[in-house]
Peer 1: 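Mind having a look at this structure? Questions to follow.
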Amino acid sequence: MRILVTGGAGFVGSHVADVLVRRGHEVVLVDALLPEAHGARGGTPAAAAARAPTGAPTREPGESEGAGHGRPFVHALIQEPGVLADLLRGVDVVCHQAAMVGHGVDPGDAPAYARHNDYATACLLAAMYAHGVRRLVLASSMVVYGEGAYRCVEHGGVRPGPRLVADLDAGRYEPPCPRCGSALEAELIPEDVALDPRSLYAASKLAQENYAAAWARQAGGTVWALRYHNVYGPRMPRDTPYAGVASLFRSALARGEAPLVLEDGRQRRDFVHVRDIAMANALAAESAPPSAFEAVNVCSGDPHTIGELAETLVLASAGKPPRIVGGARAGDVRHIVADPAKARRLLGFAAATSFADGIRAFADDPLRS
């Protein structure tokens with residue numbers, strides 16, 4: 001198949017492209033090389049070419065592909081007029097990885113999230129409709145859930161509201177039962193719970209899903225929405241507020257500093273290796289979903305705490321012990337761990353990289369700066 005990978009030079013997108021090429025597909029890459037994802041030195045067409053699959057030369061918008069360039073790389077914003085017309089020619093599936101990611105800096109990031117995530121996705125969907133491309137694999141995120149799933153001894157399954165600043169300041173990090181205030185037990189979160197985004201990034205990812213679902217119904221298309229959990233691995237961006245926690249810890253250790261762990265370090269996440277994420281994308285690109293829109297968790301199924309992540313990285317790199325500093329960022333949630341059953345059932349996907357092996361390797365993995 002001919003597959004367009006947006007964000008194809010990025011952290012996840014480049015690994016997706018690698019897997020697709022190895023599986024015999026013809027891959028076309030486009031990336032805006034945003035500095036939030038690539039860094040000042042990594043965000044150039046030449047740097048992207050070095051990360052692209054073998055045989056994927058770079059070209060600027062408007063340049064011809066040239067003989068033998070079976071996997072071109074285009075440096076462009078997909079929301080710019082005219083960019084997608086050539087890129088979609090002959091494409092069977094779009095694998096949409098392009099996005100501004102991460103928690104961000106402050107509410108001033110809202111226009112950038114809307115422009116690069118939501119408006120760009122709307123432009124992509126409109127162009128796909130115009131050019132007869134009806135299959136989309138969308139990079140979504142676990143952030144659409146907000147807080148995870150919880151159970152109260154007295155009231156059963158509940159979804160707590162946002163945590164109060166006063167509680168966080170006092171070191172009370174666990175969300176209470178919204179009905180009786182008692183302690184809750186975190187559970188695996190399935191895809192069919194009510195969605196509750198609690199950050200600007202989360203709101204933009206849910207908007208992407210909503211646009212894609214509506215497009216699928218109106219255009220007669222199909223969408224896999226892959227809800228990534230905490231992704232880590234080689235080519236992760238470093239030293240940026242838009243990077244994930246694993247990258248922030250790696251960057252601190254590389255500077256000879258101790259990783260700073262917010263709250264009490266006991267908040268639980270599902271850490272999934274980027275090569276597993278890439279394989280899930282390949283499986284989705286190669287199969288039709290059972291309905292017009294299907295959302296699936298892409299996770300390891302083996303949750304760990306943020307503190308465990310820091311400690312494992314420290315041991316693997318012989319760095320300074322992590323420091324528990326308390327506090328929490330606005331919009332942060334306490335626990336969010338996923339149920340992997342649906343992805344296993346519908347896609348045949350199961351993560352192959354264990355937490356111990358993946359994090360040990362990540363201590364030495366190359367990051368982009």
Side-chain angles (χ1 to χ4, degrees), residues 11-12 15-16 97 99 101-103 137-151 157-160 174-175 184-199 201-206 208-209 212-213 223-233 244-246 263 266-284 289-290 293-309 312 331-359 362:
F11 168 42
V12 173
H15 284 278
V16 171
Q97 308 296 317
V101 302
H103 192 88
V137 179
L138 172 67
S140 187
S141 172
M142 55 87 171
V143 296
V144 300
Y145 295 123
E147 276 290 351
Y150 292 85
R151 178 163 296 277
V158 296
R159 295 295 300 277
E174 296 291 344
L184 298 174
E185 179 181 351
E187 297 185 318
L188 298 182
I189 192 163
E191 291 85 352
D192 59 358
V193 301
L195 304 181
D196 183 21
R198 297 189 179 185
S199 69
Y201 172 57
S204 76
K205 298 307 287 185
L206 180 54
Q208 283 186 308
E209 285 199 13
V223 177
W224 286 107
L226 305 183
R227 291 176 180 163
Y228 303 163
H229 285 252
N230 287 65
V231 190
Y232 70 94
V245 65
E263 303 187 24
R266 296 175 185 169
Q267 56 271 47
R268 296 170 73 223
R269 298 289 188 273
D270 188 302
F271 299 98
V272 56
H273 197 277
V274 67
R275 293 193 183 99
D276 289 320
I277 292 282
M279 181 55 68
N281 274 273
L283 293 171
F293 179 90
E294 286 289 348
V296 295
N297 290 322
V298 182
C299 60
S300 72
D302 179 30
H304 292 267
T305 68
I306 299 291
E308 286 178 271
L309 171 67
T312 305
D332 270 353
V333 298
R334 180 59 173 174
H335 304 294
I336 176 74
V337 294
D339 187 342
K342 186 177 179 182
R344 185 167 53 246
R345 184 175 73 254
L346 297 186
L347 283 175
F349 169 78
T353 306
S354 71
F355 177 83
D357 290 344
I359 298 302
F362 183 61

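Just so we're clear, the structure is a prediction, and the values are computed from it rather than from any experiment. When a residue number appears, it is its place in the shown sequence, counting from 1.
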Peer 1: Run the salt bridge (charged side-chain N to carboxylate O under 4.0 Å, His left out) test against Arg227 and tell me which residues pass, sequence neighbours left out.
Peer 2: Glu209

Peer 1: Which heavy atom in Pro289 sits nearest to a heavy atom in Glu294, and how many Å separate them?
Peer 2: CB-CG, 3.8 Å

Peer 1: Compute whether any side-chain donor of one residue and acceptor of the other, for Gln97 and Asn281, lie under 3.5 angstrom apart.
Peer 2: yes

Peer 1: Parallel, tilted or perpendicular, judged at 30° and 60°: which one describes the rings of His304 and Phe355?
Peer 2: parallel

Peer 1: Please find the pair of heavy atoms, one from Ala203 and one from Pro197, that lie closest to each other, and give the distance.
Peer 2: N-CB, 3.6 Å

Peer 1: Hey, does the side chain of Arg269 reach the backbone of Val337 with a donor-acceptor pair shorter than 3.5 angstrom?
Peer 2: no

Peer 1: For Ala352, enumerate each residue passing the side-chain contact (heavy atoms from CB on, under 4.5 Å) test, keeping only those at least two apart in sequence or located in another chain.
Peer 2: Asp276

Peer 1: Side-chain contact test, heavy atoms from C-beta onward, threshold under 4.5 Å: evaluate it for Leu226 versus Val137 and give yes or no.
Peer 2: yes

Peer 1: Is there a side-chain contact between Val333 and Arg198, using heavy atoms and a 4.5 Å cut-off?
Peer 2: yes

Peer 1: What class does the angle between the rings of Tyr150 and His335 fall in, given that below 30° is parallel, 30 to 60° is tilted and above 60° is perpendicular?
Peer 2: tilted

Peer 1: Roughly how far apart are Glu308 CD and Arg266 CZ, rounded to 0.5 Å?
Peer 2: 11.5 Å

Peer 1: Do Asp270 and Ser300 come within less than 4.5 Å of each other through their side chains, counting heavy atoms only?
Peer 2: yes

Peer 1: Which pair of heavy atoms, one from Pro290 and one from Trp224, lies closest together, and at what distance?
Peer 2: CD-CH2, 4.0 Å

Peer 1: Can Arg334 and Glu174 be counted as an ion pair, charged N to O under 4.0 angstrom?
Peer 2: yes

Peer 1: Short question: side chain of Lys205, backbone of Val101 - any donor-acceptor pair under 3.5 Å?
Peer 2: no

Peer 1: I need the single residue from Ile359, Ile277, Leu309, Val274 that forms a side-chain contact (heavy atoms from CB on, under 4.5 Å) with Tyr232. Which is it?
Peer 2: Ile359

Peer 1: Working to the nearest 0.5 angstrom, can you tell me the gap between Asp196 CG and Glu147 CD?
Peer 2: 9.0 Å

Peer 1: Does the side chain of Val298 reach to within under 4.5 Å of the side chain of Phe349, using non-hydrogen atoms?
Peer 2: yes

Peer 1: Do Ile306 and Val245 have side-chain heavy atoms sitting under 4.5 Å apart?
Peer 2: yes

Peer 1: Using the rule given for side chain to side chain contact (heavy atoms under 4.5 Å, CB included), can you reason through Leu195 versus Tyr145, listing the C-alpha separation, both sets of side-chain angles and the distance that settles it, and then say yes or no?
Peer 2: CA-CA 5 Å; Leu195 304 181; Tyr145 295 123; 3.6 Å; yes

Peer 1: Could you grab the distance from atom OG of Ser141 to atom CG of Leu206, nearest 0.5 Å is fine?
Peer 2: 11.0 Å

Peer 1: Please tabulate, for the side chains in residues 185-193, all donor-acceptor contacts under 3.5 angstrom to protein atoms that are two or more places apart in sequence or on a different chain.
Peer 2:
| unit_1 | atom_1 | unit_2 | atom_2 | d |
| --- | --- | --- | --- | --- |
| Glu187 | OE2 | Arg151 | NE | 2.8 |
| Glu191 | OE2 | Asn297 | N | 2.7 |
| Glu191 | OE2 | Asn297 | ND2 | 3.3 |

Peer 1: Tell me, yes or no, whether the heavy-atom count around Arg159 atom CZ, taken from other residues, nucleotides or ligands under 6.0 Å, exceeds 12.
Peer 2: yes

Peer 1: Is any side-chain heavy atom of Phe11 closer than 4.5 Å to one of Val231?
Peer 2: yes

